[in-house]
Number of protein chains: 2
Amino acid sequence: MKWVYSFGEGSGEGDASMKHLLGGKGANLAEMASLGLPVPPGFTITTEVCTAFYDNDRQYPDGLKAQVAAAIATVGAAVGRVFGDADKPLLVSVRSGARASMPGMMDTVLNLGLTDETVKGLASLAGDERFAYDSYRRFIQMYSNVVLELDHHEFEDILETYKEERDYFLDTELSADDWKSIVASYKGVVEKVRGKPFPQDPTEQIWGAIGAVFGSWRNDRAETYRRLHNIPESWGTAVNVQAMVFGNMGDTSATGVAFTRNPSTGENEYYGEFLINAQGEDVVAGIRTPQPLTKSAREAMGEEDPSLEEAMPKAYGELTAVFDKLEKHYRDMQDIEFTIQENKLWMLQTRNGKRTAKAAMKIAVDLCQEGLINREEAVLRVEPGSLDQLLHPSLDPNAPRDLVLAGLPASPGAASGEVVFSADEAERLSQEGRKVILVRVETSPEDIHGMHAAQAIVTARGGMTSHAAVVARGMGRPCVCGAGDLKIDNSGAFFTAGGRQVNKGDCVTVDGSAGKVFFGEVATMQPELSGDFATLMGWADNVRRMAVRANADTPHDAQVARNFGAQGIGLCRTEHMFFDAERIVAVREMILAEDKAGREAALAKLLPMQRSDFEDIFRVMSGLPVTVRLLDPPLHEFLPHSDDEIEEVAKSSGMDAQKLKDRAHKLQEFNPMLGHRGCRLGVSYPEIYEMQARAIVEAACTIAEETGERVTPEIMVPLVAKSEELSFLKKRIDDVASAVLKERNATLDYLVGTMIELPRAALTADEIAGDAEFFSFGTNDLTQTTFGLSRDDSASFLPDYLRRNILERDPFVTIDTQGVGALMEVAVEKGRKTRPQIKLGICGEHGGDPDSITFVENLGLDYVSCSPYRAPIARLAAAQAKLEERASSSNA
Amino acid sequence: MKWVYSFGEGSGEGDASMKHLLGGKGANLAEMASLGLPVPPGFTITTEVCTAFYDNDRQYPDGLKAQVAAAIATVGAAVGRVFGDADKPLLVSVRSGARASMPGMMDTVLNLGLTDETVKGLASLAGDERFAYDSYRRFIQMYSNVVLELDHHEFEDILETYKEERDYFLDTELSADDWKSIVASYKGVVEKVRGKPFPQDPTEQIWGAIGAVFGSWRNDRAETYRRLHNIPESWGTAVNVQAMVFGNMGDTSATGVAFTRNPSTGENEYYGEFLINAQGEDVVAGIRTPQPLTKSAREAMGEEDPSLEEAMPKAYGELTAVFDKLEKHYRDMQDIEFTIQENKLWMLQTRNGKRTAKAAMKIAVDLCQEGLINREEAVLRVEPGSLDQLLHPSLDPNAPRDLVLAGLPASPGAASGEVVFSADEAERLSQEGRKVILVRVETSPEDIHGMHAAQAIVTARGGMTSHAAVVARGMGRPCVCGAGDLKIDNSGAFFTAGGRQVNKGDCVTVDGSAGKVFFGEVATMQPELSGDFATLMGWADNVRRMAVRANADTPHDAQVARNFGAQGIGLCRTEHMFFDAERIVAVREMILAEDKAGREAALAKLLPMQRSDFEDIFRVMSGLPVTVRLLDPPLHEFLPHSDDEIEEVAKSSGMDAQKLKDRAHKLQEFNPMLGHRGCRLGVSYPEIYEMQARAIVEAACTIAEETGERVTPEIMVPLVAKSEELSFLKKRIDDVASAVLKERNATLDYLVGTMIELPRAALTADEIAGDAEFFSFGTNDLTQTTFGLSRDDSASFLPDYLRRNILERDPFVTIDTQGVGALMEVAVEKGRKTRPQIKLGICGEHGGDPDSITFVENLGLDYVSCSPYRAPIARLAAAQAKLEERASSSNA
């Protein structure tokens, strides 16, 4: 079994394709070596060793020790040194390197191999005793910290005290003898804390470091990082051991990091920083301020100290040649680490560089236009989720801020305004042209008008899929939810958070992307959607198979959706139309009616209003399909609840307060999510759905005539559990439609279908498809019922689940493929069995989640539907899903 | 195609096995004819005609008319008459006859074939003009009512007026001429209401009657009956046409109904009644009082008029010979209709007789002991659900009663007591030895002590599986739920219902089996569980494969369960133990604790109490397995809710009221059923489950030592959705158990398993079975989540579903095999794939439902668990399920 892969200038046993075995760093070191780039010789211990180590009760596999010893000898031979030799000691670095970059693990030990003996050899080889002891003290500190787990402070205190006593200010003021003293003190503290001396055997040192790398694979920080980034524990990490090169051998030496393009803007310019006479950790540690690489960057920053371009023009020239070679080779922007030892350039790392969404967009488009990649590759280069940064206003990163409150980043974007505590007040002030932030314990459908009027919403309760979050995302309003610290005073005059008080009318700024609320106004920046964005989205649309629709309830939302490239509406919720002040009276009349005749009288008042809602939406979406969901929420949502509200409504509407109260009480439910809602309302009161069907069909006829374009309403019956529910209601809808079309002497292509949002519907989709002309997966409710988990209540314990690794991802964000996804597969298969051409879509929140989009691309759905503001994300994700699907099927 | 099957004395084209084709009545008429019994000749039009009729837009199939005409001719030839002939007219009866007896359909038209002409022929043939016109007026009334759909009153009014005007009292006082007048008036009213004369063409008459029978198959009453009794619409009905025989030809004629044994008690004695000189409908109509068949019955009743045995000894002798022949032939008690025409006996119907549960039990045991059936057949003869009548006290059927309120029959049995409105008062009065009925809007876990103290429970809200219903059934308390009319006054001094007021302290009687509440005390009768009951249950236990366990939370319930033959506890809910006054303080302390240490301190107080609970239960169940479910309900159920309650608790416990309020508020949930409960509590606060595991294992060790018998606790983790939840918790439970066993130096066989009560658990049962040593199907919650239907909220709309035929049965009563059952099948298959010997049971309410028991027998579960009081039902149902399964697999 081969556990160790060597590399050195001109050749490598591995290559960049072997990341799973060698980790990212190791694979790229081997690749660079094979490319002939100047890479210090070294070797990689594979990820399989890590796996074997954990499978075998933290024992190393047989043969490893011998392979490592041989590889060290090879490295020594390449550089003319011997590991542990007193005269010509080989020093090495030991670094971790997983398949994916992973902060939180043990990072690096430099200068390994130094002992009280070998340090002398290093001093004489380098002709520089100060350099040798500086390296030794660095090694002791680093090794003691990451391998022996001593705190940094133990060492920093010694150094600080030593400097203070001697009035030294900079480390460079310390002489070789000073460092010798420091080394002695460092060794002393190690022995004191650990009870045994600092290891003087280089072999013990290297196994200590290797063990620390493997051990850190399962430390808490690494586990947390893996969970957040969906990295399987089974991948394991590799260990890279490499001959040391020294950036700290005087003024002809240096060390630095660089990007081949600007990772913030994407501009095609060299970008990076370096330090003369330093080792790698100095750049990161911030003890000295690094200088920019290029002259132009230095000038732009107004710096005096020379850039690398100026200070070491030859090495700089070699470096930029390497940049160009690597970018062409890897066909992407690279993130590089390098060291210059006595004017010779050494490459320590290269990898695809992280970048902002904006930079990703620009780099992808530029690389394509430079001919390095094709359009499909460009489409794959941008993380769809990252577009969120581009689609909403964001806080100016340079603006000062004063945090008041933190919660969940429930709906992205940033906005400022004055604090209000009621939806009515939000609406009133907004009508006066004032910008307001609506702050509530939680929101309900009665707050919709206030949420619409507000610039942003903040709630104390509720999770990422609470009412506030879902509605805010749909409206594109920034929203921070579940801010547990938020306490709204009963007086309604102020709220407190973390001991501070914020009054009604005070200005705050909400950053929905970060889940934060700041005091006062923080400057924001507007999104730009033309240029590279438009170019890349166009390329994406060309490869995409699935249509992208939006969930939109108002003409305004529909217009936003069209602007963001939505190809129809996948979910138009009709209940929001019921809350308007003028309408709610008729709605309540209907609810309080004693009989069908009374309900029909109230519904007759609602009909023209609903019809005009649909006309406005159909007009905006003219030519595109619109899926209208019939009334879904339980009726009690439309009634006032508290005694005060009831009194108020009774007074203003002339209804009997006691009757209102009785009805509200009677309609109250233990579990409204599982109650009298959805098609159950239609079964109890078919006249409600009949009114809605009439409003839809009449509006469609009117707009088709007005615009001359095709109007295609898709009438969606929610919460079907049994085919009989849909059969019962479809017949009534069809009867109404026939009647309207006869009255108008018109024709209309409309569909009747259902949401698949209950396990039973998925399990009996073959029967339901008998009447359903389309299925739209309502994955929010399907997730709630499949897990038996209320999304409004899960925020209190899901963190425990994530923390304990019981849940890897929030199932309300990404489809749980094993449970919810399994039911979707059953539904697709059974639905198509009955009706091969059945139209299939998804309109749950998952419709805007890239991973979920990949899943439904593989299921073969016809479209996804998401918030208007997520439509571009969905367009890109759907394109990528198609490309991945194509790649995997051509591989298969 | 043969649409018509003839029969007559000595032969029949059909037989008793052809009920699907000939209906019950037709098949048995053919069978009796073949047996040589005196059956008037006739024929049956098959159920296939009914199906064809409805499939073909209410048109009769080709060839039917000719076959009917030929069959009528054959009947006429057999009796020497001709249908429609003026001199020797053939008269026939037309009766419906479905596969199962079905009230609500058109029943019977007698004397068909009479017209203004043929009535004269009948008069001269019989030599009795009065008889002929009496028959004619009966025919007009009956035909007009059931075929022409005229109201009874139209005719009764004419007859009453006629009699009043002439001072007649009895019908027998009317002469032939009187009947002629009446006939004329009857025909007049028909013509007036229907706009055309009463049909004078016998062929038109017979097709009218046949059409009415087929039409009545789909009338509302028939559809309702079918829905309630799960009779498929596709079965259709047959029509029986038979030559008339006349019980109204003077004092040598009679008509009657009989049972071969007493259908009320099961005693082996002839039982029935008859009328001399009457037609069949007179016996039922109650115009004259029928006499008993036997002398002994007449004497027992103190009647003067002679019995059939005395009045017509020869016919009686023939009849009892027929009884014996039929009972031997059908091997069951028969329900018979007969007519005696001029001393000759004619058999009009036989069928297996309906009987009370008590009679069913006795008849089954007697028939077996008489050698007519074997023990397995006896076991199949008793409807398991009917045992409910035997297991609880019931109202004395003869006691007078005054209905106050009706609701759902949520828990069977009857009890009287004084009305109280709070659980505390129920407990207080009961401790004084008073019997109380607890009347509440709804109950919550805080009411448990009051429910236990009460004789019965009545609630205004909640369905058959509401908290009140479930708990009451578990405790064996009669309960009426969802009594919508019940309004409890805010004063707590009285309730009103239907305009009447019932004060606190007034006595009421609750009949939980009927869902009724009566004013005052109604006499009740106690159940008898020995004798035939014990015999039959013993036979059932011998054939049963599945074990029967009970759901029991207290030592008392456990004892009841053992007495009722339960073989273990399938569900011991631990939360009820938390509500005891002494414990709730510690529970609340735990909930209010700021950190794990605080929670552990409170849990330490609960540990000895829980341990002693388990000790008591293990002692009662010694030698049998006990499945203990770890804490399931959300924590807010243990906190007070209203401001008043909070103040009270704060005062009595010394807790901070504001802190209590804040915590209660924070724990409040939108959908508690889908909230922070079940194993989610265990994940958030593992220390709770650890305390419970310790209590269980310590108690088991103690009782095993004390009794020397095996104690087998099965520790059940509720609400698992992901295998990771169970893995996490099982490890903690096993660690605690190991620690306890080490402390005690003991060994213990215990299992750790889970409820399968969420769709996701069923779908991923293969993974869950990795850690689960048993699955117990929690079909209540599985039904709730599969349907997305809250059982506490469904009562408001399920009636709409049943009424509209969208739902055939309440899925909370009988397992929905298509949805919930499909998930159970998946779970069984996947669970066994991972762990072939996994123990499988069901502990939802369905565990006591006979149809659901049949379903899970076929799934191959190891046991069912139900309320203690339903254990005998489950034992019998499980035995029948096994027998049916065996029969169907031997047929296959």
Among all residues two or more places apart in sequence or in another chain, which pass the side chain to side chain contact (heavy atoms under 4.5 Å, CB included) test with [X]?
X         : result
Val826(B) : Lys830(B)
Asp810(A) : Leu798(A), Phe812(A), Val813(A)
Ser491(B) : Asp489(B), Ala493(B), Phe494(B)

Heavy-atom side-chain proximity of [X] to [Y] below 4.5 angstrom:
X         : Y         : answer
Asp793(A) : Asn671(B) : yes
Arg804(A) : Pro686(B) : yes
His665(B) : Arg461(A) : yes

* Under 4.5 Å, heavy atom to heavy atom, which residues of residues 758-765 of chain B contact chain A? -> Leu758(B), Pro759(B), Arg760(B), Leu763(B), Thr764(B)

Measuring heavy-atom distances to chain A, does [X] have an atom under 4.5 Å in its side chain, in its backbone, in both, or in neither?
X         : value
Leu807(B) : both
Arg680(B) : both
Asp781(B) : neither

* Asked: Within a reach of under 6.0 Å around CD of Glu829(B), are more than 12 heavy atoms found that belong to other residues, nucleotides or ligands?
  -> no

* From Phe728(B) atom CZ to Asn805(A) atom CG, the distance as rounded to the nearest 0.5 Å -> 10.5 Å

* Asked: Looking at Glu725(A) and Ile806(B), what are the two nearest heavy atoms and their distance?
  -> CG-CG2, 3.5 Å

Between [options], the one whose heavy-atom pairs under 4.5 Å with chain A are most numerous:
options                                    : result
Ser796(B), Gly788(B), Ala721(B), Gly819(B) : Gly788(B)
Lys666(B), Glu757(B), Glu767(B)            : Glu767(B)
Thr786(B), Asp800(B), Leu681(B)            : Thr786(B)

* Asked: Does Arg677(A) make a cation-pi contact with Phe797(B) (under 6.0 Å, within 45 degrees of the axis)?
  -> no

* **Contact winner vs chain B - Pro672(A), Pro634(A), Ala822(A), Gly675(A), heavy-atom pairs under 4.5 Å** => Pro672(A)

* **Pair Tyr801(A), Glu724(B): side-chain N/O donor-acceptor within cut-off below 3.5 Å** => no

* **Step-by-step side-chain contact (heavy atoms from CB on, under 4.5 Å) determination, Leu674(B) to Leu674(A)** => CA-CA 9 Å; Leu674(B) 309 176; Leu674(A) 308 175; 4.1 Å; yes

* List the steps and the verdict of side-chain contact (heavy atoms from CB on, under 4.5 Å) for Phe670(B) and Met673(A). => CA-CA 8 Å; Phe670(B) 295 101; Met673(A) 151 74 203; over 6 Å; no

